[in-house]
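Below: the structure, in structure tokens.
This one's a predicted model, so the numbers in the text were calculated from it and none came from an experiment.
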Amino acid sequence: WKDFFDSRIKNGKYVLEDDSRYQKGALLLSVEKKKCSLVDAVINLMIEENQRIGALVTFNTPDFEAAKKRNIEIIDENFFN
């Protein structure tokens with residue numbers, strides 16, 4: 001998978017986004033409010049801030065209400081059935 005994503009980053013199809021400004025808020029959501037995992041909290045905060053996100057791949061759809069609200073396509077385990 002690493003080679004797959006590395007090649008797409010190098011050719012400009014994917015962009016690595018700096019998530020440092022979301023980390024403190026995500027930690028609060030994850031640890032204190034026990035809302036979701038730390039990684040999911042970072043992604044939700046990015047979505048809520050209107051980051052340009054075309055689709056989200058996850059096996060944990062319930063943690064991504066922000067994506068549903070913004071009509072971001074969610075690719076989950078049902079996508080491949």
Item to check | Pairing residues for Asn11 by the side chain to side chain contact (heavy atoms under 4.5 Å, CB included) criterion, not counting sequence neighbours | outcome: Arg8, Lys13
Next on the checklist: For Glu65, give me all partners under side-chain hydrogen bond (donor to acceptor under 3.5 Å, both in side chains), at least two apart in sequence or on another chain.
Outcome noted: Lys68
Next on the checklist: Among residues at least two apart in sequence or on other chains, which ones pass side-chain hydrogen bond (donor to acceptor under 3.5 Å, both in side chains) with Ser37?
Outcome noted: Asp40
Item to check | Asp18: partners by side-chain hydrogen bond (donor to acceptor under 3.5 Å, both in side chains), with sequence neighbours left out | outcome: Ser20
Item to check | ILVMFWY cluster membership beyond Leu27 - transitive side-chain contacts under 4.5 angstrom | outcome: Val31, Leu38
Next on the checklist: My understanding is that only residues two or more places apart in sequence, or in another chain, count here; which of them pass salt bridge (charged side-chain N to carboxylate O under 4.0 Å, His left out) with Arg70?
Outcome noted: none
Next on the checklist: According to side chain to side chain contact (heavy atoms under 4.5 Å, CB included), who are the partners of Ile53, at least two apart in sequence or on a separate chain?
Outcome noted: Ile47, Gln51, Ile72
Item to check | Counterpart residues, salt bridge (charged side-chain N to carboxylate O under 4.0 Å, His left out), relative to Glu48 (two or more places apart) | outcome: none
Checklist entry - Residues sharing Tyr22's hydrophobic cluster, by side-chain heavy-atom contacts under 4.5 Å among ILVMFWY, directly or via others? => result Leu29, Val42, Leu45, Met46
Item to check | Audit row: Thr58, Ile74, side chain to side chain contact (heavy atoms under 4.5 Å, CB included) steps and yes/no | outcome: CA-CA 7 Å; Thr58 183; Ile74 296 178; 3.8 Å; yes
Checklist entry - In chain order, what residues pass the side-chain hydrogen bond (donor to acceptor under 3.5 Å, both in side chains) check against Thr61, with sequence neighbours excluded? => result Asp76
Checklist entry - Can you name the nearest heavy-atom pair linking Ser30 to Cys36, along with the distance? => result OG-O, 3.0 Å
